[in-house]
Amino acid sequence: MLKIITKSEEATQVFAKKYAETIGGGDVIGLIGDLGAGKTVFTRGLAEAFGIKRSVNSPTFTLMKVYKIPKKESSIKHLVHIDAYRLKNARELSSIGAEEYFGRVDTVTIIEWADKIKKILPKKTRFIKLKHDKDNKRIIYY
Ligand SMILES: Nc1ncnc2c1ncn2[C@@H]1O[C@H](COP(=O)(O)OP(=O)(O)OP(=O)(O)O)[C@@H](O)[C@H]1O
Ligand SMILES: [Mg+2]
């Protein structure tokens, strides 16, 4: 795995935007890291890179949010943001139809707390691990 150290929220977002250039339709990105590690910050950077203007927060109470990608020239039309923190098991996510988005060529899916639902994730899921270091320092493995 590659590794980058960021020293601010902004730096993590800059990295997310760079990472976005490597993403294609159908990709599933699994974020792993403790509370406050920066999973939502990363997701926000990614959403911005796709031109999403709506504010991106942890979809803790909704489990899943689907954002439209406004860029006409983009073949990726939706960003699906899932937060598995409150899930008891992977089945709960299946019951809301989340898997129907996985691998769709017009969709990119990003999942916080992906380790909790590994069972139902595609084999080719791209995992990113975020580790809280001191203060504003985060170590990101990707
Ligand atoms: N280098 C950094 N990268 C990302 N966030 C940072 C960094 N330094 C400080 N922060 C702060 O850490 C917090 C990260 O919060 P964020 O909501 O992204 O965490 P999370 O991993 O999504 O947590 P949760 O599991 O609760 O959803 C923010 O308050 C952000 O400002
Ligand atoms: Mg979060």
Side-chain angles (χ1 to χ4, degrees), residues 2-133 135-142:
L2 295 168
K3 166 181 158 182
I4 183 172
I5 294 172
T6 65
K7 290 180 176 161
S8 67
E9 173 172 341
E10 292 72 28
T12 294
Q13 292 201 7
V14 168
F15 169 66
K17 285 175 198 162
K18 283 230 177 82
Y19 187 88
E21 292 169 14
T22 73
I23 289 175
D27 276 355
V28 177
I29 299 147
L31 301 177
I32 299 176
D34 292 337
L35 286 167
K39 302 180 292 298
T40 302
V41 165
F42 181 91
T43 304
R44 227 172 256 146
L46 205 68
E48 233 176 85
F50 285 130
I52 294 165
K53 298 277 188 316
R54 277 171 61 200
S55 64
V56 173
N57 299 305
S58 270
T60 308
F61 299 103
T62 47
L63 262 185
M64 179 169 81
K65 272 191 197 161
V66 182
Y67 296 90
K68 261 210 181 80
I69 293 175
K71 286 185 187 164
K72 282 233 165 60
E73 66 278 16
S74 171
S75 61
I76 307 170
K77 301 297 179 196
H78 307 282
L79 176 69
V80 176
H81 182 197
I82 292 169
D83 193 327
Y85 181 62
R86 281 168 200 277
L87 287 179
K88 282 188 204 75
N89 50 53
R91 229 180 327 132
E92 265 186 89
L93 197 60
S94 301
S95 71
I96 62 163
E99 285 157 289
E100 281 154 41
Y101 288 103
F102 299 172
R104 260 177 65 164
V105 292
D106 65 347
T107 302
V108 166
T109 305
I110 186 160
I111 304 161
E112 300 193 34
W113 295 97
D115 42 333
K116 295 190 71 174
I117 55 153
K118 247 181 187 155
K119 255 187 18 201
I120 63 165
L121 293 179
K123 277 207 182 70
K124 58 167 200 175
T125 298
R126 302 170 59 165
F127 289 102
I128 297 176
K129 290 186 180 158
L130 300 100
K131 283 224 166 80
H132 199 147
D133 200 300
D135 307 323
N136 293 340
K137 200 169 149 192
R138 302 289 188 278
I139 309 170
I140 306 172
Y141 299 92
Y142 63 105

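Numbers here simply count residues along the sequence, with the first being 1.
Salt bridge Asp133/Arg138: absent, no basic N to carboxylate O contact under 4.0 Å. Between Arg104 and Asp106 a salt bridge is recorded (basic side-chain N to carboxylate O distance below 4.0 Å).
Between His78 and Tyr67 the shortest side-chain heavy-atom distance does not fall below 4.5 Å. Between Arg86 and Leu63, every side-chain heavy-atom pair lies at or beyond the 4.5 Å cut-off. In this structure the side chain of Glu99 never reaches within 4.5 angstrom of the side chain of Leu93, judged on heavy atoms. Inter-residue side-chain proximity for Tyr141 and Ile32 is flagged as unmet; no heavy-atom pair is nearer than 4.5 Å. Residues Lys137 and Thr6 fail the side-chain proximity criterion, which asks for heavy atoms closer than 4.5 Å. For the pair Thr12 and Glu10, the minimum side-chain heavy-atom distance is 4.5 Å or more. The side-chain heavy atoms of Ile4 and Tyr142, taken from C-beta on, include a pair separated by under 4.5 Å.
Nearest heavy-atom pair across Lys71 and Ala49 is NZ-O, 3.0 Å. Of all heavy-atom pairs spanning Ala90 and Ile117, the tightest one is CA-CG2, 4.0 Å. Residue Gly24 comes nearest to Ile76 through the heavy atom pair C-CD1, 3.9 Å, listed as atom of the first residue, atom of the second, then distance. Residues His132 and Gly36 share a closest heavy-atom pair of ND1-O, 4.1 Å. Between Leu46 and Ala16, the shortest heavy-atom contact is CD1-O, 3.6 Å. Smallest separation of non-hydrogen atoms from Phe50 and Ile69: O-CG2, 3.3 Å.
Taking OG of Ser8 as the start and CG of Asp135 as the end, the distance is 12.5 Å to the nearest 0.5 Å. Here CD1 of Ile82 is found 13.0 Å from NZ of Lys65. Values are rounded to the nearest 0.5 Å. Going from atom NZ of Lys3 over to atom CD1 of Ile5 covers 5.0 Å, rounded to the nearest 0.5 Å. A distance of 10.0 Å separates CG of Leu130 from OG1 of Thr40, quoted to the nearest 0.5 Å. Atom NE2 of His81 and atom CD1 of Ile110 lie 6.5 Å apart (nearest 0.5 Å).
Within 6.0 Å of CD on Glu100 lie no more than 12 heavy atoms contributed by other residues, nucleotides or ligands. No more than 12 heavy atoms of other residues, nucleotides or ligands sit less than 6.0 Å from atom NZ of Lys131. For NZ of Lys77, the number of neighbouring non-hydrogen atoms (other residues, nucleotides, ligands) closer than 6.0 Å is greater than 12.
The closest donor-acceptor contact from the side chain of Lys39 to the backbone of Asp34 lies under 3.5 Å. At least one donor-acceptor pair closer than 3.5 Å links the side chain of Asn89 to the backbone N or O of Arg91. At least one donor-acceptor pair under 3.5 Å links the side chain of Thr125 to the backbone N or O of Pro122. Distance alone, capped at 3.5 Å, is enough to place a donor-acceptor pair between the Lys116 side chain and the Tyr85 backbone.
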Next on the checklist: Under the criterion side chain to side chain contact (heavy atoms under 4.5 Å, CB included), I'd like the reasoning laid out for Asn136 against Glu9: C-alpha separation, chi angles, the key distance, then a yes or no.
Outcome noted: CA-CA 7 Å; Asn136 293 340; Glu9 173 172 341; over 6 Å; no

Item to check | Chi angles and distances behind the side chain to side chain contact (heavy atoms under 4.5 Å, CB included) call for Val66, Tyr101 | outcome: CA-CA 10 Å; Val66 182; Tyr101 288 103; 3.6 Å; yes

Item to check | Full working for side chain to side chain contact (heavy atoms under 4.5 Å, CB included) between Glu112 and Thr43 | outcome: CA-CA 9 Å; Glu112 300 193 34; Thr43 304; 4.1 Å; yes

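Checked options Ile111, Thr109, Asp115; the residue passing with Leu121 is Ile111 (criterion: side-chain contact (heavy atoms from CB on, under 4.5 Å)).
Between Phe42 and Phe15, the angle of the ring planes lies from 30° to 60°, which puts this pair in the tilted group.
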